[in-house]
Number of protein chains: 2
Amino acid sequence: MPASAGNLDEIRQLTEKECRLTPQRGAILQALLEMEDRHPTAEEVYQVARRNWPSLGLATVYRALDMFAGLGVLYRLDAGDGRIRYEINDGPHQHLICLGCGRIFEIREPLELEGLLKSKYSDFEVTYSSIRFFGYCQDCRLKKQR
Amino acid sequence: MPASAGNLDEIRQLTEKECRLTPQRGAILQALLEMEDRHPTAEEVYQVARRNWPSLGLATVYRALDMFAGLGVLYRLDAGDGRIRYEINDGPHQHLICLGCGRIFEIREPLELEGLLKSKYSDFEVTYSSIRFFGYCQDCRLKKQR
DNA sequence: ATCAGTGCAAAAGTTTTGCACCTAT
DNA sequence: ATAGGTGCAAAACTTTTGCACTGAT
């Protein structure tokens, strides 16, 4: 799903309710939209966002990413490699993380897990869930066989 | 489920097949068993294991935890707080992670997710999966209401 | 004799924080 | 004037690595 201008506007509106959308934050959002399917790290967001705002500081990126995650605009994703990755929150989905090449694949399988949980563990209020499958993608499986 | 001697022996046997069970590694395993339900970080394992082997070094703990995870004796758990946590691998289960107090609750809900995946995404070979639910436990929900 | 394993210290890497400055309101 | 936001540098933290040493086989 590619980024759309409408998408960005929605996020702008959402963001402006709570805090200022400075040019720095705009550049960071745009970078995230450009890299929507790439699950970038903070450093990667920083590199891309600097193309539009060269004086940007890395600390500003971290602060903005924290803020966006707090607003629910972003999700944090941990692929197990020691760095936090970020993705635009465009609905629930799951990740396939390849232990060979590190690539992250997205799948969207409707799962009624939270409903199941709510009925069984009603004293825990689920805000969001994370489902990750670790393993080997087709490319890496072929490489292993050789 | 409390630690049992049988449990430790099983792990010892499993471990000795592949590498030496040194006193350092024994102390680390025992610490993990003592903290079985606490999902300790490497630093926490280090502190507890040092009670039984005071000269233990932190690097040794990291190396042993890596090895045990590689052998499948341990699972790594990321609770989203920037530190890797470890737990004895005693079968598939899921985690409820409280965003208020940081406590981690375990649930064991049989889910046939991997079978579902295998049928739908047959070109990705799943080694293991991680399902985490983030939210607020009952204690923290009550605190929020006040 | 060899080789895996260890402890210490240093290094590496990511993320956070302190602080002075800036900029909208 | 004030409060929020920024950039830079330093700090904090977790994890990894280099190296000399040890101890078992």
Side-chain angles (χ1 to χ4, degrees), chain A residues 11-12 15-32 38-71 73-87 102, chain B residues 11-12 15-32 38-71 73-87 102:
Chain A
I11 292 174
R12 283 218 165 100
T15 306
E16 282 177 7
K17 285 177 197 159
E18 307 262 351
C19 56
R20 285 186 219 157
L21 185 53
T22 61
Q24 288 90 339
R25 289 174 183 173
I28 290 163
L29 275 178
Q30 189 174 337
L32 282 159
R38 276 194 264 159
H39 308 93
T41 63
E43 177 69 29
E44 286 161 356
V45 173
Y46 173 58
Q47 294 302 339
V48 172
R50 270 218 294 190
R51 292 183 203 150
N52 292 321
W53 198 263
S55 66
L56 187 64
L58 181 56
T60 300
V61 174
Y62 276 104
R63 284 186 282 235
L65 293 175
D66 277 357
M67 191 195 66
F68 291 137
L71 290 172
V73 174
L74 290 183
Y75 273 144
R76 291 178 215 268
L77 168 65
D78 190 294
D81 64 351
R83 296 177 294 181
I84 301 172
R85 293 166 182 281
Y86 297 85
E87 60 183 356
Chain B
I11 292 173
R12 283 215 167 103
T15 307
E16 283 178 9
K17 285 178 200 159
E18 307 261 352
C19 57
R20 287 188 219 154
L21 184 54
T22 61
Q24 286 91 338
R25 290 174 181 172
I28 290 164
L29 275 178
Q30 188 173 338
L32 282 159
R38 277 194 261 160
H39 306 93
T41 63
E43 177 69 29
E44 285 161 355
V45 172
Y46 173 57
Q47 293 302 338
V48 172
R50 269 217 296 189
R51 292 182 203 150
N52 291 321
W53 197 264
S55 67
L56 187 66
L58 181 55
T60 300
V61 174
Y62 276 103
R63 286 185 281 235
L65 293 174
D66 278 358
M67 190 196 67
F68 291 137
L71 290 172
V73 175
L74 291 183
Y75 272 144
R76 290 178 216 268
L77 168 66
D78 191 295
D81 64 352
R83 295 175 296 179
I84 302 171
R85 293 166 183 280
Y86 297 86
E87 59 183 355

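Note on naming: letters A, B, ... go to the chains in the order of the sequence lines (proteins, then strands), and numbering restarts at 1 for each one.
- From one end of the helix from C:dA1-D:dT25 to C:dT25-D:dA1 to the other, with five pairs defining each end axis, the axis direction shifts by 20° (rounded to 10°).
- Side chains of B:L32 and B:P40 form a contact here, defined as non-hydrogen atoms less than 4.5 Å apart.
- Rounded to an integer number of Å, the gap from B:D78 CG to D:dT15 P is 9 Å.
- Atom-to-atom distance recorded for A:M67:CE and A:I28:CD1 is 8.5 Å, nearest 0.5 angstrom.
- Of all nucleotides listed (D:dG5, C:dG7, C:dG5), D:dG5 comes nearest to the side chain of A:R25.
- Between A:A27 and A:W53, the shortest heavy-atom distance links the atoms CB-CB, 4.0 Å.
- Between the B:E44 side chain and the B:T41 main chain, a donor and an acceptor come within less than 3.5 Å of each other.
- Atom pair A:Y46:OH and C:dT14:P shows a separation of 13 Å (rounding to whole Å applied).
- Proximity of A:L21 to A:L29: side-chain heavy atoms (C-beta onward) are separated by under 4.5 Å at one or more points.
- Protein atom CD1 of A:I28 is 11 Å distant from nucleotide atom C1' of D:dG5, rounded to whole Å.
- Nucleotide D:dC21 holds its P atom 18 Å from the CD atom of B:Q24, rounded to whole Å.
- Computed from coordinates, the A:L65 CG to D:dT6 C1' distance equals 15 Å when rounded to whole Å.
- Summarising the geometry, the separation between CG on A:L21 and C1' on D:dT6 is reported as 15 Å, rounded to the nearest angstrom.
- Salt bridge annotation for B:D78-A:R76: absent, with no cationic side-chain nitrogen under 4.0 angstrom from a carboxylate oxygen.
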Letter by letter from the 5' end, nucleotides 15-25 of chain C scores (B base, S sugar-phosphate only, - none; protein heavy atoms under 4.0 Å) BBBB-------
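- Between B:W53 and C:dG7 there is a side-chain polar atom (N or O) within less than 4.0 angstrom of OP1 or OP2.
- Spacing between atom CZ of A:R50 and atom C1' of D:dT6 amounts to 14 Å, rounded to whole angstrom units.
- With sequence neighbours excluded, the residues satisfying side chain to side chain contact (heavy atoms under 4.5 Å, CB included) with B:Y46 are B:E43, B:R50, B:L56, B:L58, B:V61.
- The phosphate of C:dG5 (OP1 or OP2) has no side-chain N or O of B:T22 nearer than 4.0 angstrom.
- Proximity of a side-chain donor or acceptor of A:R85 to a complementary backbone N or O of A:A79 within less than 3.5 Å is not detected.
- Within the 4.5 Å cutoff, no side-chain heavy atoms of A:L74 are placed close to those of A:E87.
- Rounded to whole Å, the distance from CD on B:E44 to C1' on D:dC13 is 14 Å.
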